[in-house]
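Written out below as structure tokens is the structure these notes cover.
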2 protein chains.
Amino acid sequence: MADSGKKNWAVSDEAMDGVQRITRVTLHDAVLNQLRDMIIEGKLAPGTRINEGPVGASLGVSRTPLREAIKTLASEGLVEILPAKGAIVRRFSEKDIRDILDVLKTLEQLAARLTCAHASDAEIAEIADLHQQMLRLYADRNRLAYFKLNQEIHAAIVRASGNSALTQVHEQLQARIKRVRFIGNELPERWAGAVAEHEEMNLALLARDGEKLSEVLGRHLDKTLDRVRDAI
Amino acid sequence: MADSGKKNWAVSDEAMDGVQRITRVTLHDAVLNQLRDMIIEGKLAPGTRINEGPVGASLGVSRTPLREAIKTLASEGLVEILPAKGAIVRRFSEKDIRDILDVLKTLEQLAARLTCAHASDAEIAEIADLHQQMLRLYADRNRLAYFKLNQEIHAAIVRASGNSALTQVHEQLQARIKRVRFIGNELPERWAGAVAEHEEMNLALLARDGEKLSEVLGRHLDKTLDRVRDAI
DNA sequence: ATCAGGGTTGTGGTATGCAGAATACAGTTT
DNA sequence: AAACTGTATTCTGCATACCACAACCCTGAT
């Protein structure tokens, strides 16, 4: 299945090591990411219609790539497409959020066991490092940066599982509730509680105690619903 | 969140009960489903390039909806898009399959508990009915129909959980390995084993024994990897 | 054999046109 | 005034034409 090309390269593979592939970003991708961010950040509120004309114009893009991006967003569950009416930013009910959190919980618990069992020391150290950074952001009460790093930690734990299907699905569901999750967590005591749970998570991770990590993550996500409930 | 329109209808809601909404299928959707089926059924083999020109022509569709459908397929993980090169049907390695099955197992086990706890008797009866139909197809050695019903049973168990995020994610992952799963299961003894497991599943479901159902599903999916291994 | 050019193909993107559905906006009736 | 109806307008869904440019293919020269 691997690349079986046997070319003799003028430049050795060794020499090309740290070189990062140049990434041609298609307009489709750019628009997709832009729109996704706008939804998550709330610049496009739930219920908002995505009008191809104006939106495309404001992004400086023709209808074609815009429409492609919208279809992709629909398949990711961030917008709904009503035939002949267009796309509207999806609105999540409390049950939707609960359902998503239930699945996320299960996924992260699976990831917890896999990561503790298989991840490299380097990966774990990196997550622990993220955790330390996050603590500093908490000390500074830098909510936005804290939030982003928080999401990144969860994503990193899942990624370290080495299961790409798991990573992708987790990312998809995480994206759906990012918005509401950010709005929640506003009260100081809730925030403090979340940080305490993360501290537990970090210890379990460093000890490679999958069961413990799974248990803490479960609690963490159970409480998340309470934390965000009034943000819906 | 429900429709809060307070119009006075000339026709009462009662009278409009059994009326099924007319569904306009956009070309985008039609093409999407068609292509997905073609990939799952193997008419588009892994590695095949989806050439916009010919494919569009053979489907009798212009590039516009075709390209939209391709982007959606990419987001579903069924094709890969290489910028400036086009889309190729994704090829799954054994590790990919294993990863997906691991996630599917976790998801179905979650569904098992939810369904046994919350599903209506009618839903469970319907699944049991599907099971009986499947047994008849097994008796007839009707592999294709058996396979489809088999997939439908798994999907129905998940759907009965009432968790739509779970349902959607499950469907997405299921679609990715449908193909390889169909090719597997060819040897009679494997087939018989799968049927036996389904029999257990059915009993657990009727007894609403979530733990038992979860355990059987776990075994079932663990064995699935063996069943399909040589089909990769 | 490797490499450099040159033609071909196909994608990514834009612009445009058009049928038909949705919506908004009347005008009419009761 | 409220409800209905017909019309105008907007916007989507889709097709088509067109272009730049990257990728591929082939051939010829070193």
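Remember, predicted model here, so these are calculated numbers, not experimental data. Each chain gets a letter, A, B and so on, in the order the sequences are listed, and its residues count up from 1.
If you take CG of B:Leu27 and P of D:dC14, they are 4 Å apart, rounded to a whole angstrom. If you take CD1 of B:Ile88 and P of C:dT11, they are 13 Å apart, rounded to a whole angstrom. Here D:dA15 presents its P atom at 10 Å from CG of B:Leu66, a figure rounded to the nearest Å. Rounded to an integer number of Å, the gap from NZ of B:Lys71 to C1' of C:dG12 is 8 Å. Rounded to whole angstrom, the span from the CD atom of B:Glu68 across to the P atom of D:dC14 amounts to 7 Å. Taking atom CD1 on A:Ile70 and atom P on D:dC11, their separation rounds to 14 Å, with Å as the unit. The interatomic distance linking B:Arg67 (CZ) with D:dA15 (C1') rounds to 14 Å, in whole Å. When rounded to the nearest whole Å, the span between NE2 of B:His28 and C1' of D:dT12 equals 14 Å.
The side chain of A:Ser62 lies closest to C:dA15 when the candidates are D:dC14, C:dA15, C:dG12. When distances run from any side-chain atom of B:Arg24 to the nucleotides C:dG10, D:dC11, C:dA21, the shortest one goes to C:dA21. Candidate nucleotides D:dC14, C:dG10, C:dT14 were compared by shortest atom distance to the side chain of B:Thr26, and D:dC14 ranks first. The nucleotide whose nearest atom lies closest to any side-chain atom of A:Glu52 is, among D:dG13, C:dG12, C:dG13, D:dG13. Distance from the side chain of B:Pro65 is smallest to D:dC14 among C:dG12, D:dC11, D:dC14.
With hydrogens and angles ignored, the 3.5 Å screen pairs a side-chain donor or acceptor of B:Thr224 with a backbone N or O of B:His220.
Scanning atom types as modelled, one donor and one acceptor separated by under 3.5 angstrom connect the side chain of B:Thr64 and the base of D:dA15.
Residue order along DNA chain D, read from the 5' end via each residue's closest nucleotide, puts B:Asp29 first among B:Asp29 and B:Pro83.
A 6.0 Å sphere centred on CD of A:Glu126 holds no more than 12 heavy atoms belonging to other residues, nucleotides or ligands.
Look at B:Lys178 and B:Glu171 and you find no salt bridge, because none of the NZ, NE, NH1 or NH2 atoms lies under 4.0 Å from a carboxylate O. Using a 4.0 Å cut-off between a side-chain N of Lys or Arg and a carboxylate O of Asp or Glu, A:Arg98 and A:Asp102 do not qualify as a salt bridge.
Remark: B:Arg63 is not in phosphate contact with D:dG13, judged by side-chain N or O atoms under 4.0 Å from OP1 or OP2. OP1 or OP2 of C:dA21 has not a single side-chain nitrogen or oxygen of A:Lys85 nearer than 4.0 Å. Residue B:Asn51 has a polar side-chain atom (N or O) positioned under 4.0 Å from OP1 or OP2 of C:dT11.
A:Arg190 and A:Arg227 make their closest contact through NH1-O, 3.1 Å (heavy atoms, listed as atom of the first residue, atom of the second, distance).
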